[in-house]
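Structure first, commentary second.
Numbered from 1 within each chain, the chains take letters A, B, ... in sequence-line order.
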Protein chains: 2
Amino acid sequence: MTSTDPPPRHTRQRAAVSAIMTTLDEFRTAQDVHAELRQRGEAIGLATVYRTLARMAADGEVDSIRTPEGVAAYRRCSAGHHHHLVCRECGRTVEITPPDLEAWTEQVGREFGFTHLDHELELFGRCPDCG
Amino acid sequence: MTSTDPPPRHTRQRAAVSAIMTTLDEFRTAQDVHAELRQRGEAIGLATVYRTLARMAADGEVDSIRTPEGVAAYRRCSAGHHHHLVCRECGRTVEITPPDLEAWTEQVGREFGFTHLDHELELFGRCPDCG
DNA sequence: ATTGTCATGAGAACCATTATCAAGTAGCGG
DNA sequence: CCGCTACTTGATAATGGTTCTCATGACAAT
Ligand SMILES: [Mn+2]
Ligand SMILES: [Mn+2]
Ligand SMILES: [Zn+2]
Ligand SMILES: [Zn+2]
């Protein structure tokens with residue numbers, strides 16, 4: 001359980017992905033990130049972007065959600081657990097913290113005998129700029 | 001905006017999907033439903049199952065969620081808006097209603113100027129039977 | 001029964017994601 | 001530095017869920 005995975009190696013590709021994620025304020029798919037990196041002249045493979053984002057998410061360096069269409073999207077993550085209000089049009093995101101959700105999840109889990117609880121909450125809408 | 005879509009026609013295939021959904025207590029994917037129908041001797045195409053479930057979901061006859069892996073799953077739906085606690089192993093489901101979530105969603109939307117709000121909340125865990 | 005419209009389904013197409021695996025490279029010990 | 005080894009990369013193929021195509025069949029209103 002305390003198995004320590006080796007830390008990721010520092011490569012040009014990983015640095016590029018990490019860098020671009022700090023500049024983006026919206027949830028972006030792996031394909032989006034790959035296209036944007038290419039746009040900026042970075043030489044990087046699509047598979048590498050997928051792998052890097054998946055690993056960064058596993059390591060807590062970025063948040064990952066699934067859009068209502070089922071595709072994975074990533075965004076740089078502020079410290080601590082939180083949820084999101086996401087614009088369906090442009091991906092603009094606001095971090096939110098619903099009161100009592102964590103405690104309520106635990107309570108409901110106990111009530112029905114469920115263990116290994118996790119919860120997913122995202123709000124979707126249209127932001128002011130997208131009318 | 002008040003456009004009335006023509007009601008679905010009554011066909012053997014639609015009846016079969018509708019019938020099986022009333023007997024299932026767990027979220028099932030379109031592929032699951034198709035396999036189960038074939039098992040029971042029903043002649044029905046996979047595309048038809050996909051179309052029928054999508055339409056039933058749009059018409060509010062079944063609930064649809066996406067598993068953490070991103071695949072769509074369907075389940076017969078009790079009246080009224082609600083959310084779910086789903087067993088990751090067997091799909092067993094409990095309907096839940098978090099207090100104040102609807103009102104909180106509206107409040108957060110107003111606060112940030114988002115419109116056309118929607119929210120997605122699902123709890124996942126392991127049910128008593130699945131240890 | 002006629003007829004216009006909608007539903008069906010086998011297979012192809014689509015598309016996000018993951019697997020392959022040979023070639024490259026980071027990082028460590030010497 | 002050097003060299004070794006394990007990790008990373010990326011072009012490409014493979015996977016798998018979902019949707020599209022379109023010819024054929026079935027519903028239902030007249
Ligand atoms: Mn939370
Ligand atoms: Mn709700
Ligand atoms: Zn927007
Ligand atoms: Zn279970």
| note | Ranking A:Tyr50 and A:His10 by the position along DNA chain C of their nearest nucleotide, the one closer to 5' is A:Tyr50

| After noting the C-alpha distance and the side-chain angles of A:His84 and A:Phe27, does the key distance pass the ring-ring contact (aromatic ring centres under 6.0 Å, His included) rule? | CA-CA 10 Å; A:His84 308 97; A:Phe27 274 97; 4.9 Å; yes

| query | Taking it one step at a time, do B:Ser18 and B:Glu61 satisfy side chain to side chain donor-acceptor pair (under 3.5 Å)? | reply | CA-CA 9 Å; B:Ser18 189; B:Glu61 298 175 36; 4.9 Å; no

| said: Membership question, hydrophobic clusters at under 4.5 Å side-chain separation (ILVMFWY): are A:Val62 and A:Ile44 in the same one? | reply: yes

| said: Base, sugar-phosphate or nothing for B:Ala72? Non-hydrogen atoms, less than 4.0 Å. | reply: sugar-phosphate

| Electrostatic pair A:Glu36-A:Arg38, nearest N-O below 4.0 angstrom | no

| task | Go through DNA chain C in 5' to 3' direction and return only the first and the last nucleotide with some atom under 4.0 Å of chain B's heavy atoms. | result | C:dG4 to C:dA10

| request: Check DNA chain C against residues 57-68 of chain A and give the residues with a non-hydrogen atom under 4.0 Å, in numerical order. | output: none

| query | Side chains of A:Arg92 and A:Asp129: does their closest heavy-atom pair fall under 4.5 Å? | reply | yes

| query | Could you give all pairs that pass the salt bridge (charged side-chain N to carboxylate O under 4.0 Å, His left out) test and reach residues 118-128 of chain B, with sequence neighbours left out? | reply | B:Glu89-B:Arg126

| Step by step, would you call B:Asp63 with B:Arg76 a salt bridge (Lys or Arg N to Asp or Glu O under 4.0 Å)? | CA-CA 6 Å; B:Asp63 285 345; B:Arg76 87 185 187 294; over 6 Å; no

| request: Could you state the atom-to-atom distance from CZ of B:Arg28 to P of D:dG17 in whole Å? | output: 15 Å

| field | Angle of first-five versus last-five pair axes in the helix from C:dA1-D:dT30 to C:dG30-D:dC1, to 10 degrees | value | 40°

| In Å and rounded to the nearest 0.5 Å, what is the OG1 to CZ distance from B:Thr67 to A:Arg66? | 7.0 Å

| Test side chain to side chain contact (heavy atoms under 4.5 Å, CB included) applied to B:Leu46 - qualifying residues, sequence neighbours left out | B:Gln31, B:His34, B:Tyr50

Tabulate atom names and distances for all N/O pairs under 3.5 angstrom spanning the protein and nucleotides 9-11 of chain D.
residue	atom	partner	partner atom	Å
D:dT9	OP1	A:Thr11	OG1	2.6
D:dT9	O3'	A:Gln13	NE2	3.0
D:dG10	OP1	A:Gln13	NE2	2.9
D:dG10	OP2	A:Gly45	N	3.0
D:dG10	OP2	A:Thr48	OG1	2.8
D:dG10	N7	A:Arg51	NH2	2.5
D:dG10	O6	A:Arg51	NH1	3.2

| task | Say whether B:Gln13 and B:Thr52, considering side chains only, have a donor N or O and an acceptor N or O under 3.5 Å apart. | result | no

| Touch class at under 4.0 angstrom, heavy-atom based, for B:Ala54 against every strand present | nothing

| task | May I ask you to decide whether B:Glu95 forms a salt bridge with B:Arg75, counting only side-chain N to carboxylate O separations under 4.0 Å? | result | yes

| Side-chain donor-acceptor pair under 3.5 Å between B:His119 and B:His81, yes or no? | yes

| said: I'd like to check A:Cys127 versus B:Phe112 (side-chain heavy atoms, cut-off strictly below 4.5 Å). Are they in contact? | reply: no

